[in-house]
Number of protein chains: 2
Amino acid sequence: MAQISNLSSSLEDYLEIILQLVQEQGEARAKDIAQRKSVRMASVTGALKRLTAEGLISYQARESVTLTKAGEELAGRILGRHEFIARFLHEILGVDGETASRDACAIEHVISLESLDRLAGFVEYLKLCPEVDELLISRFLSCYNMGCKRVAGGRGEKPKECNSTCPRGFHDRAVKIFSRKAGVIQLSELKPGDRARVVSVRGSVIIRQRLIDMGVLPGAQLEMQRVAPLGDPIDIKLKGYHLSLRKIEAATISVERV
Amino acid sequence: MAQISNLSSSLEDYLEIILQLVQEQGEARAKDIAQRKSVRMASVTGALKRLTAEGLISYQARESVTLTKAGEELAGRILGRHEFIARFLHEILGVDGETASRDACAIEHVISLESLDRLAGFVEYLKLCPEVDELLISRFLSCYNMGCKRVAGGRGEKPKECNSTCPRGFHDRAVKIFSRKAGVIQLSELKPGDRARVVSVRGSVIIRQRLIDMGVLPGAQLEMQRVAPLGDPIDIKLKGYHLSLRKIEAATISVERV
DNA sequence: GAACTAAGTTAGCCATCCCTAACAGTCTTG
DNA sequence: CAAGACTGTTAGGGATGGCTAACTTAGTTC
Ligand SMILES: [Mn+2]
Ligand SMILES: [Mn+2]
Ligand SMILES: [Mn+2]
Ligand SMILES: [Mn+2]
């Protein structure tokens, strides 16, 4: 049961593919549907029966599929969502086109309309905002990709020179925090004397705000000072200051040894 | 099979919940897991067996669950993703906290790490960009919500006065394009003389670029002039100009009668 | 028109993941 | 310590959505 229709994600995808095929080729054949969805034809037959039962398509065995009025309406909406999400990922964030489309085709079934509307509004706002000139996106992309290369280039390597438009400090912050597979540990795992860089700060807004106020931001360097016997409190040194964190706070901080 | 682990979304959620419970209460009991996931206890038992088989948790019948090293690592990553997505939706886009968390808990399983990294980078960039002052987000939210009220207020109602920070034209564009349930039709469905507003332009980048160059943008008002017998070409009037669209182009345009 | 081929269907299998109902431990309490 | 309450497990069933294998239908070729 996807967020919007009362169909499963799988059936929504079938419907979407049918609309695409009708638009592109005038008709949708079982074989082409199977190919696009990377499933066997036997699976398509089953799906077409379920869609027929829902009144979204009209088809008779061995004939090509057509969308009913309701099916066309729904398929168009799903496709619209898909295309907006893919465009956001590709054109704004610079995600590779194929990955963007794959992600979009998964997200489209689960994101709420509220989030989607707000995302659309945000994109629109950035484009229209007088303080954000139209080059923002391309400058972000060039800056991000520079950072990408640096991270991808290996550990010991020197960072590439960044172009002049990168905001000060951008590359010092942990930009690629999710794809970092290994080496990310909990703050509490550090031993006295260990130096590390903050990767992410999780937890409730209250805890996070307090930590951020103290300077515990992604990218910040710190040194473990002392861990009390039961892990509470934990003393760290950050930007020359000594901080004492409670166990519950420390548990929300992921770090990476430097 | 979620994008990152080789677990199903459901099992990733179980793991995430277990980590949360361990962090909050020191241990994870089957009953609490069932409650958080809104499933019956029998379902939990099954899930715990599968997670044990994957080596992610260690548990014996009727005892409380603990995470293995590998399980803790993975659960932490899933939770990190969840929290970042929820924070983006809530704190940047202004989505209601509960909706944001629900969306995040679905998106977290399907979004690629590439997209997530780039999203994190984009958020970071906006915060650090010298031309985008720190009030951008709050100004977007106040502006968007103003638009919200206007749209939600009903059709015939006068728009609320917008605060002075809204970019010129923001409210004229179709901001809430996804939650609009009814009344959105294809351009080709209009009859000569009908006036409509563009809701979205889909289709390939090439077609979209051409249409955008001609001024066919979301929010633009147009009037249908003439539809040739076979639907090709379609003549419309837009901002005083006459445009002739091919059928394939017109098919990518969704409009709303005004 | 028979033989072949490609497209599509049916039947039967399996995995996942939920459910209810019944049963089995464990804890509390009179 | 026995009864009852609570927690958790097992057994069995249903929906979904894949798969393979075998069959049917329809179109093409000789
Ligand atoms: Mn999809
Ligand atoms: Mn899609
Ligand atoms: Mn989830
Ligand atoms: Mn989650």
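All values reported here derive from a predicted model rather than from experimental measurement. Throughout, a chain's letter reflects where its sequence line sits, starting with A, and its residues are numbered from 1.
- Among residue pairs with one or both ends in residues 87-99 of chain A, those qualifying as salt bridge (Lys or Arg N to Asp or Glu O under 4.0 Å) are A:Glu91-B:Arg208; sequence neighbours excluded.
- Within residues 40-48 of chain A, the residues approaching DNA chain D are A:Arg40, A:Ala42, A:Ser43, by heavy-atom distance under 4.0 Å.
- Taking atom CE of residue B:Met1 and atom P of nucleotide D:dG18, one finds them 16 Å apart after rounding to whole Å.
- Sorted by residue number, the members of residues 25-36 of chain B with any non-hydrogen atom under 4.0 Å from DNA chain D read B:Arg29, B:Ala30, B:Lys31.
- Residues meeting the side chain to side chain donor-acceptor pair (under 3.5 Å) test with A:Lys37, sequence neighbours left out: A:Ser10.
- Sorted by first and then second residue, the pairs that involve residues 244-254 of chain B and meet salt bridge (Lys or Arg N to Asp or Glu O under 4.0 Å), not counting sequence neighbours, are B:Arg210-B:Glu249, B:Arg246-B:Glu249.
- The salt bridge (charged side-chain N to carboxylate O under 4.0 Å, His left out) test applied to A:Glu63 returns no partner, not counting sequence neighbours.
- Regarding A:Tyr59, its OH atom lies at a distance of 10 Å from the P atom of C:dG8, rounded to whole Å.
- Between A:Phe140 and A:Tyr144, the ring planes are tilted. Angles from 30° to 60° get that label.
- Phosphate proximity of C:dT10 to A:Lys49: present, with a side-chain N or O under 4.0 Å from OP1 or OP2.
- Sorted by first then second residue, the ring-ring contact (aromatic ring centres under 6.0 Å, His included) pairs that include residues 28-51 of chain B, not counting sequence neighbours, number zero.
- Rounded to whole Å, atom C1' of C:dT9 lies 5 Å from atom CZ of A:Arg62.
- Residues meeting the salt bridge (charged side-chain N to carboxylate O under 4.0 Å, His left out) test with A:Arg62, sequence neighbours left out: none.
- Judged as a salt bridge (charged side-chain N to carboxylate O under 4.0 Å, His left out), and not counting sequence neighbours, the contacts of B:Glu114 are B:Arg118.
- Shown here are the salt bridge (charged side-chain N to carboxylate O under 4.0 Å, His left out) partners of A:Arg102, two or more places apart in sequence or in another chain: there are none.
- Every residue was checked against the side chain to side chain donor-acceptor pair (under 3.5 Å) condition with B:Thr45, not counting sequence neighbours, and none meets it.
- Near DNA chain D, meaning a heavy atom under 4.0 Å away, there are no residues from residues 5-21 of chain B.
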